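Naming: A, B, ... by sequence-line order, numbering from 1 per chain. What you see is a predicted model; the values in this text were computed from it and never measured.
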2 protein chains.
Amino acid sequence: MSNRDTNIRKAIELFFFAYRDFTGEADTILDEYGFGRAHHRAIYFIGRSPRIAVHELLAILKITKQSLGRVLGQLITEGYVRQEIDEKDGRRRLLTLTKFGASLERLLTERQSQRIEKAYALSGKGADRSFLKVLEHMIDDLGSIHPEIRD
Amino acid sequence: MSNRDTNIRKAIELFFFAYRDFTGEADTILDEYGFGRAHHRAIYFIGRSPRIAVHELLAILKITKQSLGRVLGQLITEGYVRQEIDEKDGRRRLLTLTKFGASLERLLTERQSQRIEKAYALSGKGADRSFLKVLEHMIDDLGSIHPEIRD
DNA sequence: TATATATGTCAGTTATGTTGACGTATATGC
DNA sequence: GCATATACGTCAACATAACTGACATATATA
């Protein structure tokens, strides 16, 4: 196998293992709450953009409303997410984390943040910027992602 | 929100979107074969390590033998993977890709390789090394991963 | 010979996604 | 104001890929 192949294979594999460990830690915590990764995604993006509309969340997650409906229903019923009607557009339901939701979100995000910061610290100067750049260029349509992420 | 938080959140999100797009392209191809991401993982790691034993594959994938059994069964029945008994240890079944399996593996890996190389090319000098370094430091137990990956 | 290891299989469950159909409320364009 | 589009919700059926638990068999090793 060529050197190029070996090197790219290393990237493919590290990407797989890193993503697994990155999500695995959160998965363990979520388990104690009876939630899964789908709940995490919802909590995360609602936390990032309070008063986000359901259709906006669907566009980010790229899943069907039926799939989201199930997890959102649980999160609302169990008091982690609050829903309100948009005053400007009565069709929209705006989603916000409750106190409990925000607390869980912080717990999960804090762990993942620490993992990233640890990796940055061990990877030398400028590695953080390079890491983000490579990830950005691996994404098909960066423009379609919520504004805040586009620098 | 602090600058640190915003920056780390960007990493969390880009990691999520990049991984989704990275796997999504392969998922589409696999669909045409009636396979899923689980089949891809098996094909990939068998392709990387021909004559790998089932228990070694299980250790890499960290799934149960029942889960692997299903996808492996399909791959063998449909002629993508070949199984042989280890001469040195008759309990072991060694797994190798057939001609068809190797062809599918190349198709999938080639797409992912191109995505990574494109991202490298757009990310400036040294970004590739930094990218790998950060990923490595995000992994819990790098040592447990198959030897070849440890440089 | 006893025990550990490697593999396979059967059965039932869970999480997360899908499609398709249908209903309702609200907004918008002509 | 009426037709159409958008936003949301819900019911039902289904698919994939993971899980646990139980049990069986063959082979290796102490």
Side-chain angles (χ1 to χ4, degrees), chain A residues 16 19-20 23-24 26-46 51-78 81-96, chain B residues 16 19-20 23-24 26-46 51-78 81-96:
Chain A
F16 168 62
Y19 194 76
R20 186 172 66 186
T23 54
D27 289 346
T28 306
I29 297 170
L30 288 157
D31 232 38
E32 296 163 23
Y33 290 77
F35 294 145
R37 201 173 294 181
H39 302 85
H40 187 187
R41 287 177 191 145
I43 287 175
Y44 178 86
F45 285 106
I46 294 169
R51 298 173 57 84
I52 188 173
V54 173
H55 77 277
E56 291 172 325
L57 190 51
L58 285 173
I60 291 171
L61 297 175
K62 286 186 188 161
I63 56 173
T64 58
K65 61 179 175 176
Q66 294 92 328
S67 281
L68 180 60
R70 189 171 28 208
V71 299
L72 215 46
Q74 287 176 263
L75 291 172
I76 292 168
T77 303
E78 301 183 27
V81 169
R82 176 167 27 91
Q83 220 178 17
E84 59 178 311
I85 295 173
D86 186 355
E87 284 178 9
K88 292 174 189 166
D89 185 339
R91 296 169 302 177
R92 290 185 161 94
R93 298 298 122 101
L94 306 183
L95 306 168
T96 310
Chain B
F16 168 63
Y19 194 76
R20 186 173 66 183
T23 54
D27 289 346
T28 305
I29 297 170
L30 288 156
D31 232 39
E32 296 163 22
Y33 290 76
F35 294 146
R37 202 174 292 180
H39 302 83
H40 186 186
R41 287 177 190 143
I43 287 175
Y44 177 86
F45 285 106
I46 295 169
R51 296 174 57 85
I52 189 173
V54 173
H55 77 276
E56 291 172 324
L57 191 50
L58 285 173
I60 291 172
L61 298 176
K62 286 187 189 160
I63 56 173
T64 58
K65 61 180 173 174
Q66 294 91 328
S67 284
L68 180 59
R70 188 177 28 208
V71 300
L72 215 47
Q74 289 177 263
L75 291 172
I76 292 168
T77 303
E78 302 183 26
V81 170
R82 176 167 28 91
Q83 220 179 17
E84 60 179 310
I85 295 173
D86 187 356
E87 284 178 9
K88 292 172 188 166
D89 185 340
R91 296 169 303 179
R92 290 186 162 94
R93 298 298 122 100
L94 307 181
L95 306 168
T96 309

_Strictly under 4.0 angstrom, non-hydrogen atoms only: write out the protein contact profile of nucleotides 22-30 of chain C, one letter per nucleotide from the 5' end, B, S or -._
----BS---
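Taking every heavy atom of residues 33-45 of chain B and every atom of DNA chain C, no pair lies under 4.0 Å.
B:A38 meets the side chain to side chain contact (heavy atoms under 4.5 Å, CB included) test with B:V71; sequence neighbours excluded. Applying the salt bridge (charged side-chain N to carboxylate O under 4.0 Å, His left out) rule to A:R93 yields no partners; only residues at least two apart in sequence or on another chain are considered. The side chain to side chain contact (heavy atoms under 4.5 Å, CB included) test applied to A:D27 returns A:T23, A:L30, A:R37, not counting sequence neighbours. When the ring-ring contact (aromatic ring centres under 6.0 Å, His included) test is applied to A:H39, the partners found at least two apart in sequence or on another chain are A:F35. For B:Y44, the ring-ring contact (aromatic ring centres under 6.0 Å, His included) test picks out no residue, with sequence neighbours left out. Every residue was checked against the salt bridge (charged side-chain N to carboxylate O under 4.0 Å, His left out) condition with B:E78, not counting sequence neighbours, and none meets it.
Taking the C1' atoms of five terminal pairs at each end of the helix from C:dT1-D:dA30 to C:dC30-D:dG1, the two resulting helix axes are inclined by 30°, rounded to 10°.
The phosphate of C:dT16 has neither OP1 nor OP2 within less than 4.0 Å of any side-chain N or O from A:S67. Between C:dG8 and B:Q83, a contact under 4.0 Å exists linking OP1 or OP2 to a side-chain N or O.
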Any N/O pairs under 3.5 Å between the protein and nucleotides 11-13 of chain C? List them or say none.
none

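In summary, contact between chain B and DNA chain D, defined as any nucleotide atom under 4.0 Å from a heavy atom of the protein, begins and ends at D:dA17 to D:dA28 in the 5' to 3' direction.
Relative ring orientation between B:F16 and A:F45 is described as tilted, the plane-to-plane angle lying within the 30° to 60° band.
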In residues 60-70 of chain A, what donor-acceptor pairs under 3.5 Å come from side-chain atoms, sequence neighbours left out?
from: A:T64; atom 1: OG1; to: A:S67; atom 2: N; distance (Å): 3.3
from: A:T64; atom 1: OG1; to: A:S67; atom 2: OG; distance (Å): 3.4

